[in-house]
Amino acid sequence: MARPPPDPLYILRGSGASVNALHFCCGGDRPPLLYSGSGKGAVHVWNLSTRRAERVLESHAGNSVIWLNTFNNSRSCLISQGRDMRVCVWDLSEGRSAVTDSLHTGSVGFCQCSLLESRLGSTLLAHPTQHMEEVSVVEMSSWTQVCSLKPDSNLGMLMSMKMWQADSGPVLCAGYEDGSVVLWDVSHRRPFSLLKVHPEPVMSLDVDVCRQKGISGSSENILQSWRLDNQQSLQMHDSIQMTNPGVSQLRIRADGKILASAGWDNNIRVFGWKKLKPLAVLQHHTDMTWTITTTA
Amino acid sequence: MNMKNNEYESAYNVMLLTNCRTEPLRTSNFKWRMAEHQIEDPKIAFAYLRPSCVLLTKEPTSANVAALSGHLRSVSDGALQQLQDYILFPLRFVLKTPGPKREGLIQVVMEAMTYILENTCVQRWESLRDLFSELCLCLCSPQDPGKPAMTSEELKISVLGCLDTLLHSAYGDIVFKLYEPSMLPGLGAAVSLLLALAEQEKARSVQTASLKCLLSLFLQCDCKKEHIEPRQHERYLLGSALATFLPGISRALSLVVSGDVRQGQAVTVKSMRFWYKTVGLVMADEQLEKTGIDKAAGDLGRVGELIVKRTPSWRKSTSQRLAIVLQRIISCTSAHPHWKVRLELVNLSHHLLSQCSQAVVECVGPLLEALVGAINDEEPEVKNRCNAALDDVAQKGQTNGRQDFTDVLSENLHSLASSLPRLMRTSDDQRKLFVLNVFLGYLKILGPKIDVVLTSAVHLERISKALMQVMELDVTDVKIIEEKSLTSSADLRPDVQQIPSQRKYFLYFTDDKIFSALGKICRMLGYYGNLYLLVDRFMELYKESSVYRKQAALVLNEIIVGAAGIGVETDTPSQPKTNQEDLKSSIVSIIEEYISLSNWHLPTVSEALEGNPESTVLPVNNNLERNSLQLLPASKPQTLHQLNSNIWQICIQLEGIGGFALALGTEFSLLLMRSLYPVLEKAGDESLLISQVAFNAMCDFCKACEYSSPKELVIKNSDYLLNDVSLNLARPSVHPHAPRVLAVMFTHSDASLLPLVADVVQDVLTALDLSYDQRTPQFCSVLNSLMKALVRWFPNMMGHQKLPTKPRQNSTCVSLRQFLLDYKKQKELAEGIGVEDEDPDDLDIPPPASASDEDTEAPAVKKELPLHIQIAKDVMERCIHLLSDPSLRIRLKVLDILELCVCILREQEDELLPMVHRCWPALLHRLTNDDPLAVPRAFKVLCVLGDSCGDFLRRRVSKEVLPRLTASLVKQAEISARSGPVYTHTLAYKLQLAVLQGLGSLCVKLDLMDADLDHVLDACVPYLSCRQPIRLQEACLSVFRSLMDLDSDLCWFILNQLYCPVVYDPPHPLLLPVKLSGANKPRNQFTDNILKLLQELDGEPEKPDIDASHDR
C-alpha cells in the first residue's frame, strides 16, 4: 500500500489574503527567507527559521502582487510585479523598505515577468506590456528597452514566459492565449520556433535549461512537455494526464529532479521530472492553489 | 658516697676551667636575652650557681634541685649556654645514681633539665647521645628495657617533655648523627619504647606526649618552635632510618588509630600524622628513585643487618602491606565522629598522594577514595581542605599527564560503578550517599579525562547500566493515578510561579540528598564528557527497554543541563565545554524522541476507570500504542503500575524539556515551534501530576525565552501552536488532544488571533462533520471555548442590549379619564382605525417569516460578513444538528454553545433570525420531550433567544411551548405540594424551579398577551401555596412580579379571585357592589403570598395600570 502523502511541514499563517506569488531566498549563512505576495498588495518576508513574518511590505497600492524575485539571491533587493501595472524594485537592506525604482508596464493581465541575470552584470527583465501579445525586454539598470517581441500571427494574449541565457544569447519562451508556445531569440528579436501545445490558453510553463526540456499546462487536464532540439526548435515530447483540469503554476526544481504543479482542484501534484512519473498529491488546501515555488 | 662526690666535684672544676677558656669566644654567636636582672657574665654566673650545683651533687634531694632551678632563673641564656654542661652534670648525676629513686626527685630534675634545654642548645653530639639515652632509660622499666616503666603519669609526661625539648634544642649538624646506622639499635629502642607508651598507656596526655616525641624524633614536629629543615640527603638519611622501623610503627599506630573512639581525637590525629609522615618519608618518590645511594655498610657488623635496603622489590612488598594498614586506618577514620580526625584523613591522603603516589601504587586507589569521600563532609573546614587537596591532586594528575594516575582513577571508577547497584541495594542511606560522593569525586578529579574513560565501551556500559539500576523508580504509588486535575488547562495563571514538583520515589533509596548526588553525577558527566557519545548511549538505553526508559530520560535530562554548565560545581567558572550548536542538536534529537508518538501518548488512564468523556479517545490510542510498541500483549489490560509508570515517564520527559529550555536560554525560542504544543497538550492532561509538571515546563520556557507568564508564552507563540493544532486536527485518532490545545488558546488570546485561527476553525468544523460520532465531546468543548472567546473579544455587541421593550412611565397618577381615553384609542387601533397616522414603531414588528425570506432570497448581494459573525453562524449550523445528539451530555453542551452563538449573532438580526428559524424544531424538541436535565438548559436558551428576538418567537412560544410548559407546571404542582424535603433533590423540582425562574422575564421579553398570560398565571397560581417548597414559592413570586409589569390588572384580578383581603365598597350606592370570588374566603394556603404581592402592587408608587402596549 502506498504511503499517504505527507502533511505540510508548516503552515505559514497570517498573510491576510490569497497568496499569488512566492519566492525563496536561501543564500548565505543567514536563515532562509520566503517572500510571499498577497492579493491585497502585502509582501510578507518570512523567516523560515522562526517561521514568522520578519516584515510586511505594503506595495502596489493594495493591488494584487503577482510576481516576486530577488537579484543575485541577495536579501537587500527585491523586485515585485503587481496588478497596478507596475514593477517595483525594493531596497530592503539595513531594515529599509523603500521602493527605489519602478516601471510602468501597462499590462493588465496576469502574466508574470521573467528575470535574467547574466554574468556580465546586466540584468534583463521581460515583462508584458499594454499590448496584450507583446513582450518587452528591458535592461534593469537603466530601464532601457532592449527589444520588443511581438508574434507575427495573432496568438492572443501573452500568458506566461521564461527567459534564460543560451549559448547564442538570451532566449525567451512564451506561452499564449491560443495554447501555443513560442521560443524567441532575444538578441535577434525573432522567433526560433512556434509550437501549438494546447487547445486552451497556456496557463503556466517552465523550462529545464540543462535538459533542454520544458513543460506547460493549461486549463485542461493534460500537462504537456516539449523538447528543444539543437536547432532551437520546439518539439512535443511527453504528456501527463491529471484527474482534474486546470493548472495555475508549474515549477521544475533547480536540481531538475522534481516537477510540481499547483492545480485548480486544490491539490499540489509532484512528479518526477525525468519520466514525468506521479509521485505525490499534496492535499491540504481548501481552495484553488495559485502559486508554488521550489527552493533553488 | 662522699668520696664519690668529691671526685665528681674535682672533675667538675677541671671541666669548668676548660670551658671557661674556650667559651667566651663563642658568646657572640648567641642571642642574648635582655633581661635586666639576669646575670650576663658567665664567670659571675658560675660563681653564683656553683654552690647549689655542688650541694646537689652531694645531696641529691628535691629541695636542692629546686634551689638550683631557682638560681637558674636568674642566669641569662647566654651564660646558661656556656655553663650548660656544668649545670646539667649534677642533674644527670642524680639520674645516674644507681638505686631506687623517688619519683618526685626525678620529676623536678626533669623540670630543671627541661628549663635548661629549652633555653640553650645542645651542640655536642656526645651530650645529645648521652642525654638521649639517659632520658630513654628513665622511661623504660629497669627490669626490662624494652617495656615502659611502671612510673606515674606525671613523671612520664615530664620525661617525655624533656626528651622532646632535647630533640628540639639539638643542633642541626649533630642531630642527623642520630640516624646513622650505628645508632639504629639505640634509636630503635627509643622508638619502640615510645610506641609502646602510645599504644599501651591509658592516660591520654602520655599518649599524645609520646607521639609528639616521636614526631620530634624524626624532625616532623609541627609545634610552633623553630625546626630544622632537613635537606635532601638528610631526608634520605631519615627515610632510611625510619624504613627499619616502618613495620613496627605501622603495626603500633594502626592499633592506636583503630582503638577505642573514647581515646580522644588528639591521640588519633597525632598517630595518624606520625604514620603518614613516616610513610611519606620512607616511601617518598624522590628517595626511591635513587636507591643506588644506599651505601654498602659492610663495616657495621651485626648492625648492618638492621639496615633496610629500599630496593624495588622491597618497595613493592612494603607498599602492599601499607595498603592493608591504610585500609584499616581509612575504615576507622573516614566516618569518625570528630571532624578533626576526618580532616587528618584528608591530610593523610593528600600528603601521601603528593609525596609517594608512585611508590605506593597499591594505596593510591584507597587514598583517592578516602579523599573524594570527604568532598561532601558536613564540616566546612574538612570540605574546603578536601577540595583544595583534590584540586591539587587533580592538577598534578592532569598536568603530569601521568597515564597511571588516570588509569587508577578509571579503574576505581569502574569497580565502583560495578559495585554501585549492589551497594545501593544493601547499605544504608548514609553509606549510599558516601559512595555516590566518592563517585562524584572521581569524576571531578578526572575532569576532562572523563572523556577518555567514557570512550572505553566497557566503562560506558558499566556506568550507564549502574545509573539505570540505581535510579529505578518506585511506581507503586497508586495515589498518582487517582489524582485528577480539577482545574482545566485553560487555567493559566498570569505569573511564572512554579508548583513544587512532586517527589520521586525510588526503589533503592529514599533520601533526597542521594537523588541530588545522582543528579550531580549526571551533570558532571555531561559537563566533561562527550555529549554526542553520552546522548547516543542513553538514547540507546531509552529505546532499548521500557525498564530503562524513565531512568535514561532522567539521566539525559541531567546530562544536557550539565553540558550547558548549569548545576555543575567546577573550580574554574569556565565556559561550558560543549558549544551551543552541539547542545542544540542534541536537545533537538532528544526532544524529538520524547515527543514521538510512542513515547508521548502513553495511556495514563485505565480503560476501566474511564468515566469522563474526555478520555473516551484513549482506547483507540491505547491500541495504537500497543501495536506500535508491543510493550504488552494487546489483550492484557494495563495494570495500575504500568499506568503509573507511564505517568512518571511523561513527567520526567516534561521536566527534561523544561530543563533543556533553561539550558539553551533564548536559543530555545526556535524549538518552541516543536515543543510548545506537546507541552501544552500535557498541561491539560487529566492526571494532576502531569498537568502540574507540564505547567512547570511552561514556566521554564518562560524563563528561558523571557516571557513574563505562560499566558504570554501561549499568546506570542500562537502561530506555532496553531500549526500543530491544524495538522493534528486532521488526524484525531493519533492526536486526540488538538482540540484541547485550541481551547486553551482561545481562552487566552485576544481578537488578533481570529484571522490566524479562521481556517483552523473551519478545520474543526470539517473534522466535526467527518467524525461527529466519536469526537463530538471534544469538539463541542472547543466550540464552547471559541464562542466564549468570541463573546469576550467582541463585547461591544453585548452592550447593545435590546432596549427594554417597555420603558416605564413615571407619572405617579393617571386619571381614570385618561385611562379610558387610552383604552379607547387602543381599541380603535386594534380595529384598524387610524393606523396610518400611528407611530412608526409598529413597523418594527414585521412578520417574522418574511424577514427570513428576504434574507434567503438575496444571498448573492450579501456583503462579506465580519469573521466572527461568520464563525458564529457556522458553529450555530452545527449546533442545529447536534441538538438532537443521542448523548445527553453533548446536548447540554450544545445548548450552551447555542446560547453563546445567539449572543454573538444578536448584532446581526438578519443573520440570527433565519438560524433561529432553522434550529427552532430541534430546540422545541429539547424543551418538550427531552431529559429533565436538558429541559431547564433549553429553557435558558429560550430565555436568551427571547431576549434577542422576542417578537420573532412570540407566536411559536405561545403556540408550541407555553401549553406544554404550563401543563407540566400544573401537573407537577400537585406533586410538589405534597412532597417532603427530599423532593428538592429531584430533577422534577429543578425543572420546576428553572421554568418558574425564567418564565417571568421570558413573558416580559416576548411581550405575551392575554390568553397566554392567562395560561401562565393559571399555571403559576398553585405555586403560591405555602405548601410548596419555599424556593418554588419565591420563583413563582418572581413570575408574578414580572407579569405585574406586563399586565398588573390581570394579576390583581387573579390574585383577588383567590383571596381578597379587602372589601371594596362602591363609592356610590348606585353602583353595583364589586364581587370578587376571593372575598370573604377564609384564610387559606395562598393567603401569605397573595398578601405579599398585593401589598407590592399597592405599595409601589401608584403604578400605572395601563397596558404596556400603550407606551410604545
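Computed from a prediction, not measured in an experiment: that's the story for all the values here.
- Side chains of A:Ser64 and A:Asn20: a donor on one and an acceptor on the other come within 3.5 Å.
- Other residues, nucleotides and ligands contribute only 12 or fewer heavy atoms inside 6.0 Å of the CH2 atom of A:Trp290.
- Annotation: maximal heavy-atom pairing with chain A below 4.5 Å, among B:Val760, B:Leu672, B:Leu670, B:Asp719, occurs at B:Asp719.
- Counted within 6.0 Å of CZ on A:Arg55, heavy atoms from surrounding residues, nucleotides or ligands total more than 12; the atom is thus considered enclosed.
- In terms of heavy-atom pairs under 4.5 angstrom with chain B, the leader among A:Ser15, A:Gly16, A:Ser49 is A:Ser49.
- Cation-pi geometry between A:Arg75 and A:Tyr35 is not met at under 6.0 angstrom from the ring centre and within 45 degrees of the axis.
- Only the side chain of B:Asp759 comes within contact range of chain A, with at least one heavy atom under 4.5 Å from a heavy atom of that chain.
- If you measure heavy-atom distances from B:Asn717 to chain A, the contacts under 4.5 Å come from both the backbone and the side chain.
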